[in-house]
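One structure below.
Hydrogens, waters and symmetry mates play no part in the numbers below; they use all other heavy atoms, side chains included.
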2 protein chains.
Amino acid sequence: MGKSKFVSIYNDLSEKIHKQRIESGSLLPTENELSAQYRASRETIRKALAMLSRNGYIQKIQGKGSIVLDVSRQTFPISGLTSFRELASHSKDHWKTEVHQLVLLKPDNHLKMLMNLQNDQTVWNVIRSRSVNGEAVILDRDYLIQSIVPMLTADICERSLYDYIENDLGLKIGFAKKEITVERATDEDNRYLTMHEDSHVVVVRSLVYLESAELFQYTESRHRADKFRFVDFARRGHQ
Amino acid sequence: MGKSKFVSIYNDLSEKIHKQRIESGSLLPTENELSAQYRASRETIRKALAMLSRNGYIQKIQGKGSIVLDVSRQTFPISGLTSFRELASHSKDHWKTEVHQLVLLKPDNHLKMLMNLQNDQTVWNVIRSRSVNGEAVILDRDYLIQSIVPMLTADICERSLYDYIENDLGLKIGFAKKEITVERATDEDNRYLTMHEDSHVVVVRSLVYLESAELFQYTESRHRADKFRFVDFARRGHQ
DNA sequence: AAGTGGTCTAGACCACAGG
DNA sequence: CTGTGGTCTAGACCACTTC
């Protein structure tokens, strides 16, 4: 069970910062102090601090210390790879998922090329809408390779695809490449989404890979433009 | 001047991957081999590999090795904090910056609150448009705290603000918090941008901080929606 | 069983901030 | 000058993949 030590230290410190048990603007204890507190070597402490820094919790300043940043206004999660289910559970609003389609497909040429598929491979096609307060604002179209995800049911898709894939199938999701653009709403958008006078959607296209570096999913997530908001934390340089 | 050793190793390996001198899909040499090749300890090699992994160059698999990912289609840079100048220099297109306004302001209440300004602080307000092939597609509105950036000229703004701030003023940019939304074009957008039938803009609002964790800039970057594209690489989990 | 990456350690030296 | 974070090292043990 136990994660690594530096992850535990990261979790402990990030929780303290979130709950304001450590004030923003103040300095964290020094690395040597933390090293003593957590009974860990300094390099282990530094791994935890590096993770805090990457995720916008602290700013390290050489010769001075680690300043705690104001993390209170940052909508959870800042960026990264998170399922809709995980997102919704952090929100106060009432979200609902509706499954409109769940079929096995022989991929067309475009999808074949995009996902680098062999001739005999079939894919699951799932179409779902996400509603908040009765308004459908997100339309998700997923394509999953059947040789990796053999069986799917409407129930799984309504609940959480990622939860099923990770916990029931035991697959581990590694990374994704995403692209965000703005496009005019299609007939399909108008059919499944509650469109207002606004005729635009934000389209997030993702190729999702397992930890084995194997591609297993392509997703097109279409958001009603007026409901779309993306929050990011970025550091200068390539670290 | 030399950077740290692990950054050199990172630069060397990432360049080799970019130039396809290491084939995508193949395995990197093992950490022990790299350790010998670069005459570095294994932990140092691992810092370089962790950076490659974060930036989407490789996927590490325990017990197996580090797989080189296909990085060829990823528009430079994937995400992060990069100035327009740096972006444009990586592109084949012909970009041009035009400065429309450069004034010192007493901030209004909204800006005061947003930037956490004292009563007597003044800010530079810069309005610039970015054109590609004769079409103005980006409108940037910057607000910079004058106590940090004492003097600005149209020439500097036309060239590169970040270049001036980092190289001439010697300030170091640390991180930024960003928010992306889609909005209807304003009169100002219509005045400065070459708007087509499409009446929407993607608005990227950023608060930019120095390495000292001091806020020094607020920017509103307004992109013609049909020209906006954001590419991202995301890993699962908080590492 | 052998080889891979994942973690942790104790110690060393350097670069920078502040008194 | 002291104390801070930044880097590097050599060695140890563990977890996982592969044969």
Side-chain angles (χ1 to χ4, degrees), chain A residues 1-13 26-54 57-69 170-172 174-175 210-214 235-239, chain B residues 1-13 26-54 57-69 170-172 174-175 210-214 235-239:
Chain A
M1 49 137 260
K3 310 296 197 55
S4 34
K5 200 188 248 192
F6 76 90
V7 174
S8 309
I9 298 172
Y10 166 84
N11 287 332
D12 192 55
L13 289 172
S26 66
L27 287 173
L28 232 45
T30 71
E31 296 182 346
N32 282 321
E33 282 167 353
L34 291 170
S35 178
Q37 281 179 31
Y38 287 102
R39 264 156 257 254
S41 75
R42 201 181 138 217
E43 282 289 1
T44 299
I45 295 296
R46 283 180 57 74
K47 278 186 194 169
L49 296 189
M51 205 146 78
L52 289 170
S53 169
R54 277 201 299 283
Y57 287 100
I58 62 170
Q59 173 70 9
K60 311 190 76 182
I61 303 178
Q62 191 171 40
K64 204 170 174 189
S66 296
I67 295 184
V68 179
L69 301 180
L171 299 173
K172 284 184 184 162
F175 59 92
L210 298 175
E211 276 194 353
S212 62
E214 196 177 6
R235 287 201 169 274
R236 181 87 166 139
H238 43 208
Q239 72 192 267
Chain B
M1 55 143 272
K3 310 297 194 61
S4 34
K5 198 187 247 190
F6 75 90
V7 174
S8 309
I9 298 172
Y10 167 85
N11 287 332
D12 192 55
L13 288 172
S26 67
L27 288 173
L28 233 46
T30 70
E31 296 182 346
N32 282 321
E33 283 167 354
L34 290 171
S35 177
Q37 280 178 31
Y38 287 102
R39 262 155 260 253
S41 75
R42 200 181 139 219
E43 282 289 0
T44 300
I45 295 295
R46 283 179 58 73
K47 279 186 194 170
L49 296 189
M51 208 175 343
L52 289 170
S53 170
R54 276 201 300 281
Y57 287 101
I58 62 171
Q59 174 72 10
K60 312 192 74 182
I61 302 178
Q62 190 172 40
K64 203 170 174 188
S66 296
I67 296 184
V68 178
L69 301 180
L171 298 173
K172 284 182 184 163
F175 59 93
L210 299 175
E211 276 193 354
S212 62
E214 197 178 6
R235 287 201 168 273
R236 181 85 166 141
H238 41 210
Q239 59 198 270

Under-3.5 Å donor-acceptor pair between A:Arg42 side chain and C:dG11 base: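 Result: no qualifying N/O pair found.
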
Take atom [atom1] of [X] and atom [atom2] of [N], then tell me their distance rounded to the nearest Å.
| X | N | atom1 | atom2 | value |
| --- | --- | --- | --- | --- |
| B:Gln62 | C:dA2 | CD | P | 19 Å |
| A:Glu33 | D:dG3 | CD | C1' | 11 Å |
| B:Met51 | D:dC8 | CE | C1' | 14 Å |
| A:Tyr10 | C:dT7 | OH | C1' | 18 Å |
| B:Asn32 | C:dT4 | CG | P | 7 Å |
| B:Glu31 | D:dG11 | CD | P | 17 Å |
| B:Ile45 | D:dA10 | CD1 | C1' | 14 Å |
| B:Lys172 | D:dG5 | NZ | C1' | 14 Å |

Examine [N]: is either OP1 or OP2 under 4.0 Å from a nitrogen or oxygen in the side chain of [X]? Give yes or no.
| X | N | answer |
| --- | --- | --- |
| B:Ser41 | D:dC8 | no |
| A:Lys60 | D:dG6 | yes |
| B:Lys64 | C:dG3 | no |
| A:Arg46 | D:dG5 | no |
| A:Lys47 | C:dC8 | no |
| B:Thr44 | D:dT9 | yes |

Shortest side-chain distance from B:Phe6, nucleotide among C:dG6, C:dC8, D:dC8: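 Closest of the options to the side chain of B:Phe6: D:dC8.
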
Can you name the closest pair of heavy atoms from [X] and [Y] and give their distance?
| X | Y | result |
| --- | --- | --- |
| B:Thr44 | B:Lys5 | CG2-CD, 4.2 Å |
| B:Ile9 | B:Ala48 | CG2-CB, 3.8 Å |
| A:Leu210 | A:Phe175 | O-CE2, 4.2 Å |

Interatomic spacing from CD1 in B:Ile67 to CG in B:Leu27 - rounded to 0.5 Å: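 Spacing of CD1 (B:Ile67) from CG (B:Leu27) equals 6.0 Å.
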
Touch class at under 4.0 angstrom, heavy-atom based, for B:Leu49 against every strand present: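 Touches nothing.
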
Which residue lies more 5' along DNA chain D, comparing A:Glu43 with A:Gly65 via nearest heavy atoms: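 With A:Glu43 and A:Gly65 compared, the 5'-side residue is A:Gly65.
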
Audit row: B:Arg46, B:Lys60, side chain to side chain contact (heavy atoms under 4.5 Å, CB included) steps and yes/no: CA-CA 10 Å; B:Arg46 283 179 58 73; B:Lys60 312 192 74 182; 3.3 Å; yes

